[in-house]
Every structure is written in structure tokens, then in C-alpha cells.
Amino acid sequence: MTASHINIANPVRALKRSAFTLPERTLSNLGVWERFDRKAIVARDVEMVFRSGTEPSLVLKGIDLDIPQGEIQLLMGPSGSGKTTLLSILAGILTPTAGSVCLLGQEITRMSKQQLSNFRLNNIGFIFQGFNLFPALTALENVEVALKVKGVRGTVARRDAHELLSQVGLEDRMNYLPRDLSGGQKQRVAIARALVGNPKLIMADEPTASLDSHSGHAVIELLRDLAKKGGRTVLIVTHDSRLIDVADRVAYLEDGILT
Amino acid sequence: MASIARKNLFEDIPRFIVAQAGIMFAVSLVTIQLGILDGFSRSTTRLIEQSDADLWVSSQEMLHLEVTLPIPLERLLQTRQVNGVERAEALISRSGVWLDSAGHIVPVKVWGFNPGGRLFGNWRMSQGSLSSLQEPYTFITDRSNLGALDLKQVSDVGKIVPLQAKLVGLSEDTQSMASSTSLFASLENANAFGGSGSGNLNCTIQAGQVECLSPLTRSTSPSSSEPPPPPRNLSLEDSISYVLVQAKPDQDLSELKKRLESALPNTRVHTKAEMVEITHTYWRKRTGVGFILGLGATVGVIVGMVVVSQILYSSVSDHIKEFGTLKAMGASDWVVYGVITEQALWMAVLGYVPSMALCLGLGAWTVATKGIVILITPGTAIAILGVTVIMCVGSALFAIQKVTHVDPAIVFKA
Ligand SMILES: Nc1ncnc2c1ncn2[C@@H]1O[C@H](COP(=O)(O)OP(=O)(O)OP(=O)(O)O)[C@@H](O)[C@H]1O
Ligand SMILES: [Mg+2]
């Protein structure tokens with residue numbers, strides 16, 4: 001592509017590529033472009049050093065990652081390669097030792113703890129390998145708690161929780177406790193909970209790892225539907241190669257480096 | 001709306017029951033200690049509170065209700081002369097020894113008053129009436145003292161050494177837990193019971209039984225068929241313990257008090273409230289009772305805090321991942337604190353209610369069987385609820401500080 005063939009559908013990208021070279025790779029400068037580019041997740045030079053042992057260990061070494069809105073991004077790699085660490089950083093749960101992360105056009109690495117917490121509340125849904133449901137609460141109540149945290153209460157919360165559980169196909173299991181649900185059903189409760197407040201981003205760590213292949217498949221289908229119908233961006237850390245079929249992009253992490 | 005706190009609490013019923021048992025124990029300990037302290041304090045001043053006297057005239061040296069030096073009966077007559085006095089009555093308190101039919105002795109306090117008067121003896125009678133006290137050598141006592149005196153019922157007889165004495169009535173709520181068994185008699189009878197004294201007794205122990213002899217014993221011994229002569233009236237040389245004073249309506253009590261003190265040499269005059277205060281203070285502060293019971297209550301609070309902290313801490317530790325998940329989702333710390341605090345409040349209320357019921361039941365039982373009052377006033381009950389809530393919520397701080405430091409990154413740990 002050259003300057004004489006400016007792409008009408010994406011003028012910004014075209015301009016950027018043809019006319020500019022960015023003076024410095026900082027996200028404050030990049031932010032403008034990324035927003036126009038409809039990037040949901042942008043990471044630049046992310047480094048993470050853990051200092052819990054005798055000597056510091058560099059777990060992530062200069063990660064650059066761009067994930068467009070509405071896409072399903074897989075993050076794969078061997079055990080201990082730093083996938084969960086990267087996911088935690090991209091979700092604003094861990095602060096990287098260096099580099100910056102921009103979510104939905106906002107640089108989360110510059111936010112205060114409080115701002116980060118608010119940002120997660122409004123924009124991110126989480127799904128975990130271990131489901132992390134309150135064991136004493138029913139499926140319905142587990143979803144209601146997330147609604148309560150987001151300021152929805154009473155009958156509205158109950159109605160919304162019903163609706164979300166129906167969306168994940170659990171209308172007949174609303175009043176079951178987690179211990180009376182199968183692994184796949186539990187993960188669907190967790191997905192319903194992650195959908196509370198209709199977040200733009202879904203972050204999932206090994207969502208199918210605790211499931212058999214049948215329920216794993218159901219969960220995969222569900223995640224794909226959610227991403228495609230809701231225009232959500234989904235970042236999935238996984239070892240599960242079946243997920244590659246539904247993914248738009250796959251990144252491999254090895255020894256703290258993306259390949 | 002689902003309450004995470006409540007559900008977490010009831011999730012593990014056996015643990016919940018153990019926790020509540022611990023809290024109940026602690027709350028009951030506090031309640032019983034405070035209740036006994038209150039009941040004890042109250043019992044020491046029942047006679048003052050039941051009296052209708054506005055002012056009490058005593059010797060200058062009075063220590064508290066039961067320990068004072070005698071004043072001459074003349075003071076009673078002098079009191080009646082003082083301007084502003086509506087009515088004045090004598091009250092005597094003497095020590096004696098009760099000898100029951102089995103030969104056991106019991107120290108007793110004999111109170112003498114005018115049964116036809118108005119200022120003393122206004123307690124509830126559960127049997128008999130005050131007017132029977134006009135008969136010679138009669139007395140009444142608190143219903144709870146029957147056992148201590150080894151008496152079964154009204155009209156039973158024993159000895160206020162060395163005189164035979166007949167029980168003619170039972171009063172209610174008149175026994176001080178701090179003093180020896182109180183007996184109430186007319187002034188003349190009390191003077192005889194107390195005045196014949198045990199100092200000049202000739203007591204011997206034979207086969208484990210006490211046998212006391214004195215001139216009067218001999219004269220009232222069964223061998224003599226004649227009843228003893230009635231006790232003599234008090235003369236001006238006799239001594240009394242207090243002059244009870246009722247002021248004329250609309251009298252300024254502090255003025256009257258001053259007038260009385262200047263008119264009556266070597267006396268001190270106390271208002272009813274002052275008498276109560278002096279007696280309470282004596283028992284609570286000058287003796288170790290207040291301290292010991294207070295110590296017991298403090299131990300109760302500490303035990304309660306330890307139990308509640310442990311339970312809350314382990315409950316929070318069990319659910320740390322879920323709390324971490326809430327934080328990861330973006331819940332503010334306050335949401336999480338709210339859950340823990342609510343859990344603590346549930347524990348407080350669910351521990352408090354059965355404890356109170358238990359203590360009220362126990363109190364009813366001790367009053368009925370032991371004459372020991374565990375006094376739980378509405379004020380005390382509210383104060384103990386406050387202590388329980390503070391105890392539980394205070395214990396929640398440990399758990400809260402654990403959650404405060406939870407790293408939301410743990411949510412991804414399998
Ligand atoms: N809090 C921490 N303190 C110290 N080291 C850590 C910490 N968290 C992770 N690590 C280290 O960072 C490395 C990457 O861990 P991470 O959990 O990100 O791996 P992973 O790719 O998710 O592995 P798996 O596939 O087994 O889940 C590991 O060597 C791990 O020991
Ligand atoms: Mg991992």
C-alpha cells in the first residue's frame with residue numbers, strides 16, 4: 001500500500017502507515033490511533049519481574065500485543081511461560097514492572113488502585129479455571145452478587161440474573177448450589193456472572209481446563225456466541241487446542257516472549 | 001437479595017453451632033457477672049429503697065447501712081421537735097445468733113422497727129402480716145431465708161440465742177446478699193433479741209451440737225410451763241441505730257438536713273439517695289466484690305472476642321478466593337468489609353438472644369432456690385447487646401485486615 005492508494009475504509013490506518021512514523025512508542029501518543037483503530041487491548045513493552053525468591057525472575061520480557069475489538073484472542077504456551085501473569089496484567093489486576101497497557105482507549109497502567117477497580121467493575125468480566133463461585137450461594141444468588149456489586153439490587157437484580165442464566169442455558173438450574181452442578185454448568189454460571197453489566201472485555205483463564213470434552217465444547221460455543229453477538233473482545237488463556245477453531249487470533253507465549 | 005454473610009455463616013452448621021456456643025458462653029458470663037454485681041448492689045440497699053424515709057439520721061461514724069454506731073433513743077424525740085419534720089421513727093439493727101432445731105448456729109442481723117409505723121417495712125409480704133410482729137418474741141424474714149434458718153413455714157419456732165422466737169411472716173426481696181440473714185421484729189422484740197446478747201452465753205459443743213445456756217435460756221426452758229414475760233419497752237437510755245425522718249410536704253430536704261444536723265449532736269443526716277450511694281460504693285469499691293465480678297465480665301468479653309475472631313478469620317480464609325473474586329470484579333473494599341461485618345453482626349445477635357434467655361432463666365432459678373438475684377435490667381440488657389456487638393465487630397477487624405491484604409491475583413490460582 002502506498003500514499004497514493006489511501007484505503008478509504010480505514011483512512012487512519014492508511015495515513016498512519018503512509019505518512020507517520022511515531023516519534024516514541026508511548027501509549028499516550030498511541031492512544032489516539034488505537035481508538036480509531038478500534039483496538040480493545042494494546043500492550044507495549046510489558047515487563048514483569050517477580051521478586052519473591054532469592055533472585056528476581058523476569059517472567060515477561062517486553063510484550064507487545066494488539067487485540068481488535070470484537071475478536072477472540074487465544075493466549076497459549078507451555079506451563080510456567082507467564083500466560084496467567086500476562087492475563088492478570090492485561091486485566092488490571094497486576095501492575096507490570098515496566099511498559100504500558102491500554103484497554104478500550106484508556107491507559108490502565110496510569111490509573112490509581114481505585115480507578116482500576118472502577119474500570120474493572122465497568123468493563124471486564126472474568127472467567128476462571130476454578131469457577132470461583134460462592135459455595136453457599138445458589139446459581140441465581142452468585143449472579144445476583146455480581147449485580148449487587150455493580151449497584152443493581154432487588155427485583156431488578158433478580159430479573160437480570162434470571163435472564164443471564166437463561167442466556168447460558170441454565171433456566172432449570174437457577175436454585176442449585178454449586179456443589180449440585182456439573183463442572184460445565186458451574187462454568188456457565190460463572191460466564192453468566194461475567195456478563196453482568198454487559199462488559200466490553202471478557203478475560204478467561206483456562207475456562208475449559210476443568211471440564212470434560214463435551215462440556216468444554218459447550219463452553220467454547222457459548223464464548224464464541226458471546227463474542228460475536230455482543231461485539232465483545234474475549235481474551236482466553238488456554239492449553240485447549242479445540243479452542244483454536246473458534247479463535248480469531250492465537251498468540252504463543254514462550255519464556256516470557258510472544259511469538 | 002442473597003446475603004453472602006448469612007449464607008457463609010450457615011454453610012457449615014456444626015462450625016456455626018460451635019461458634020454460637022462460644023459466643024453464648026461469653027455473653028452469658030458477662031451477663032451473669034454484671035447481673036450478680038447489679039443484683040448484689042441492689043440487694044444491699046433494698047431496705048433503704050423500700051423505706052419511705054426522706055432522711056436517715058445516724059451516728060457520725062456510719063460506714064454503710066449495716067455498720068454504724070448506736071445513737072441514744074433521745075435523738076428520736078429531738079428529731080420530732082425539729083421544724084419541718086412530719087414523722088420520725090426509730091430503726092435498730094443488732095447482731096445475733098440463730099440456733100436452729102438441729103443445733104446449728106447462723107449469724108443473723110435483727111432489724112427492729114415500729115410495725116405500726118409508716119417509714120420502714122413497706123415490702124411485699126408473701127405470707128403473714130406486719131401486725132403480728134406486735135406479739136412478743138416474733139419475727140419475720142425473707143422467704144429465701146427459710147432454708148438457711150432450717151424453718152419450714154410460718155409459725156415455726158427457733159431460737160435467737162437465747163430467746164425462743166416465732167416466725168410470723170415472710171417478706172419478699174428484702175435480703176441483702178452481702179449481709180447475714182436478716183430478721184425483722186418490733187423495736188421491743190429486736191431490743192430483747194439483740195440486747196440479751198451472745199457475749200454472756202455459756203455455749204458448749206456436745207456431740208457436734210451447740211448447747212447454749214444463759215439466765216434467760218433457763219427461764220424459758222421447756223421445764224418452765226410459764227411463758228416468758230413480754231419484752232420491756234424501750235427507755236431513753238436504750239440505743240437505736242437510725243432515726244428515719246419523713247419531711248413535711250414541700251420541705252427543702254437540704255435545709256431540713258442542716259437543721260437536723262445542728263439540732264442533733266454527734267449525728268449525720270443522709271438523704272435516701274446518699275444512703276444508697278454510700279452503701280453501694282462501700283460494697284463495690286471498698287470490698288473486692290466489684291473488682292472480682294468486673295474481672296469475670298472482662299474475661300467473658302475476651303473469650304468472646306477470641307472465639308468470634310477465630311471463627312470469622314477461618315470463615316474468611318475459607319472464602320478468600322471468593323472475596324478475591326469480588327475484588328477482581330471491581331467490588332470496593334467496603335463491599336467486602338460489609339459482608340464480614342454483617343457476618344459478625346449475625347453472630348452477635350444469634351449469640352445474644354439465646355444467652356439472654358439462658359441468663360433470665362438462670363436468674364429466675366437462682367432467685368427461687370438460692371435467693372441470689374442476677375439482675376438484668378433493660379439498661380443492662382441493652383448495654384450487653386452493645387458489648388456483644390462491639391465484641392463481634394471488633395473481632396471482625398482481624399478478618400477484615402486479612403481481606404484487605406488479599407492479592408486479587410490469587411483468583412487465577414487454581
Ligand atoms: N506472585 C508470584 N511471585 C513469584 N513468582 C510468580 C508469581 N506468579 C507467578 N510467578 C512465576 O511466574 C511464572 C509464570 O507463571 P504463570 O502462572 O503466569 O504461568 P502460566 O503460563 O500461567 O502457567 P500454567 O499454564 O501452568 O498456568 C512462573 O514461573 C511462576 O512461578
Ligand atoms: Mg496459568
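Atom set for the values below is all heavy atoms of this structure, side chains included, hydrogens, waters and symmetry mates excluded. Naming: A, B, ... by sequence-line order, numbering from 1 per chain.
- Contact check for A:P135 versus B:K7: no side-chain heavy atoms found under the 4.5 Å cut-off.
- Within the 4.5 angstrom heavy-atom criterion, no atom of A:A91 approaches chain B.
- The two residues A:L133 and B:E322 have their closest heavy-atom pair at O-CG, 3.5 Å.
- By number of non-hydrogen pairs under 4.5 angstrom with chain B, the leading residue of A:L121, A:L87, A:L94, A:N118 is A:L121.
- More than 12 heavy-atom neighbours from other residues, nucleotides or ligands sit within 6.0 angstrom of CZ on A:R242.
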Practice problem: Determine, stepwise, if the pair A:K150 / B:M329 fulfils side chain to side chain contact (heavy atoms under 4.5 Å, CB included). | Solution: CA-CA 9 Å; A:K150 297 194 185 194; B:M329 275 163 31; 5.6 Å; no
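- Residues of residues 331-338 of chain B lying under 4.5 angstrom from chain A, judged on non-hydrogen atoms, are B:A331, B:V335 by number.
- Counting non-hydrogen atoms of neighbouring residues, nucleotides and ligands closer than 6.0 angstrom, the CZ atom of B:R46 exceeds 12 such neighbours.
- The 12-atom threshold is not exceeded at CG of A:D255, counting heavy atoms of other residues, nucleotides or ligands nearer than 6.0 Å.
- The shortest side-chain heavy-atom distance between A:F134 and B:T325 does not fall under the 4.5 Å cut-off.
- When every heavy atom of A:R120 is checked against every heavy atom of B:K327, the shortest pair comes out as NH2-O, 2.9 Å.
- Formation of a donor-acceptor pair under 3.5 Å by the A:N132 side chain with backbone atoms of B:V411 is found in this model.
- Scanning both residues, B:F412 and A:S88, for their nearest heavy atoms gives CD1-OG, 3.3 Å.
- For the pair B:S3 and A:L137, the tightest heavy-atom approach, listed with the atom from each and the gap, is O-CD2, 4.4 Å.
- Heavy atoms of other residues, nucleotides or ligands lying less than 6.0 angstrom from CD of B:E172 number more than 12.
- In this structure, B:F10 places its CZ atom where more than 12 heavy-atom neighbours from other residues, nucleotides or ligands lie under 6.0 Å away.
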